[in-house]
Amino acid sequence: MFGKKVPLSGRNKQMVKIVDQPEGYEGQGFFATSLDKVIGMARANSLWPLPFATSCCGIEFMATMGSNYDLARFGSERLSFTPRQADLLMVMGTISKKMAPILKQVYDQMAEPKWVLSVGACACSGGIFDTYSVLQGIDRVIPVDVYVPGCPPRPEQIIEGVIKIQELAKNESLRRRNSDEYKRMLESYNIETK
Amino acid sequence: MEKLSNRSKLVVNKEMSFKERIYLPAILKGMSITLKHFFKPAATVKYPEQTRPMSSIYRGQHVLKRDEDGKERCTACGLCAVACPAEAITMVAAEREKGEEHLYREEKYASTYEINMLRCIFCGLCEEACPKQAIFLTDRIVDAEFGRAEFIYGKDKLVEPVDERVDISQRQIWSYNNENA
């Protein structure tokens, strides 16, 4: 009835996977690469998530943080329950229209650079709740980087979403957050830019 | 006051003994529990490299089945779209032309068939409603994406390729057992 059983390897059998080194010039005793890549690597591997969990997807997120899936392997060990110190806003669950300004305020309070992961059908599009009181997708109020479908998604899918965010963080130019295009994007969401 | 249950315990604020006061035995006990876990196998499944076993009747990405001759089974009756609680399914029906008999099983077929994967809650009501055994949910999971547009799955992603059939026998056995239980 169940799928193929994968042997869960013991501690001694495991291979430790280390982050690949960025492209650059290498020689005896030195390694030179661009600042963009080093900072991107550092950012991608220490994303501090802020879980904005309002319903059942939040339970699935707890499973993701638990020892079976262990999101800490991706450098997201430390959950930040204050938006000021968070890099990644994970919105999990139904956001009602009354909750929308609060979500926007949370996004506003986060320091740049910041990313948003929308987890589950409700946060992404409203899901089955096509009613007067539910926000039809959080991208009506804040920009979203990665969407994770499912009701609720499996922890595997949430991890996949986080890996995608890491990819974004790794390849982002340092000037992007100062660009006019980015400011215009924020203004289109009526978010003040400093 | 009357007791509600007889499980209540009286709290005693007695003075701690010397053994309790130095805390060392309690700390060592805690440490030994921590140390024990060093020698236990790790519970973590390294996800992208390793996968966890998953139920074979998991409700994941949909598939539009073809029959034995490779003809599409869907006749665009629209029952799945009516049954869908999230209203995630849309379709356009078309009439089969002459010479297309090898593509579609019946005279009517869906020229476009789209499922919004962001709306979909993977409940399986479409599969239950289908009178032609055309749509099934499979144990494939839907990937995360950067943009909304990628989640509108059209026929290119939903219809199974002729040479790469998707096995849904486990789900069929399960629903057969459920109906006859």
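Protein chains get the first letters and strands the later ones, always in sequence-line order, with residue 1 at the start of each.
Heavy atoms of B:E49 lying under 4.5 Å from chain A belong exclusively to its side chain. Proximity to chain B is limited to the side chain of A:L168, based on heavy atoms less than 4.5 angstrom apart. B:R59 does not touch chain A: none of its heavy atoms, backbone or side chain, sits under 4.5 Å away. Heavy-atom distances place no part of B:D139 under 4.5 Å from chain A, backbone and side chain included. A:L117 does not touch chain B: none of its heavy atoms, backbone or side chain, sits under 4.5 Å away. Residue B:F151 touches chain A through its side chain alone, counting heavy-atom pairs closer than 4.5 Å. Proximity to chain B (any heavy atom under 4.5 Å) is restricted, for A:D145, to the backbone atoms N, CA, C and O.
When the shell of 6.0 Å around CD of B:E101 is examined, it contains more than 12 heavy atoms from other residues, nucleotides or ligands. Residue B:L4 places its CG atom among 12 or fewer non-hydrogen atoms of other residues, nucleotides or ligands, all under 6.0 Å distant. More than 12 heavy atoms of other residues, nucleotides or ligands shown are found within 6.0 angstrom of CD on A:Q85. Other residues, nucleotides and ligands contribute only 12 or fewer heavy atoms inside 6.0 Å of the OH atom of B:Y23. Applying the 6.0 Å contact sphere to CZ of A:F31 captures more than 12 heavy atoms from other residues, nucleotides or ligands. The 12-atom threshold is exceeded at CZ of B:R165, counting heavy atoms of other residues, nucleotides or ligands nearer than 6.0 Å.
Ranked by heavy-atom pairs under 4.5 Å with chain B, the list A:Q157, A:R73, A:E160 is led by A:R73.
A pairwise comparison of heavy atoms in B:A43 and A:N68 identifies O-OD1, 3.0 Å as the closest pair. The shortest non-hydrogen separation linking A:C151 to B:F122 is N-CD1, 4.2 Å. Residue B:L118 comes nearest to A:S125 through the heavy atom pair O-OG, 3.0 Å, listed as atom of the first residue, atom of the second, then distance. Taking every heavy atom of both residues into account, A:P149 and B:A144 meet most closely at CD-CA, 4.2 Å.
By the 4.5 Å heavy-atom criterion applied to side chains, B:R148 and A:V144 are not counted as neighbours. Side-chain atoms of A:Y69 and B:R52, non-hydrogen and from C-beta on, do get closer than 4.5 Å to each other.
The CE atom of B:M54 sits 7.0 Å away from the CD atom of A:E156 when rounded to the nearest 0.5 Å.
Under a hydrophobic-cluster definition in which Ile, Leu, Val, Met, Phe, Trp and Tyr are linked whenever side-chain heavy atoms come within less than 4.5 Å, directly or via other members, A:W115 and A:Y182 are assigned to different clusters. Using a 4.5 Å cut-off between side-chain heavy atoms of Ile, Leu, Val, Met, Phe, Trp and Tyr, with links allowed through other members, A:L103 and A:I191 fall into the same hydrophobic cluster. Cluster membership check: A:V134 does not share its hydrophobic cluster with A:I138, using side-chain heavy-atom separations under 4.5 Å among Ile, Leu, Val, Met, Phe, Trp and Tyr. Both A:V119 and B:F146 are part of a single hydrophobic cluster, where members link through side-chain heavy atoms under 4.5 Å apart.
In this structure a side-chain-to-backbone donor-acceptor pair under 3.5 Å is missing from A:S67 to B:T44.
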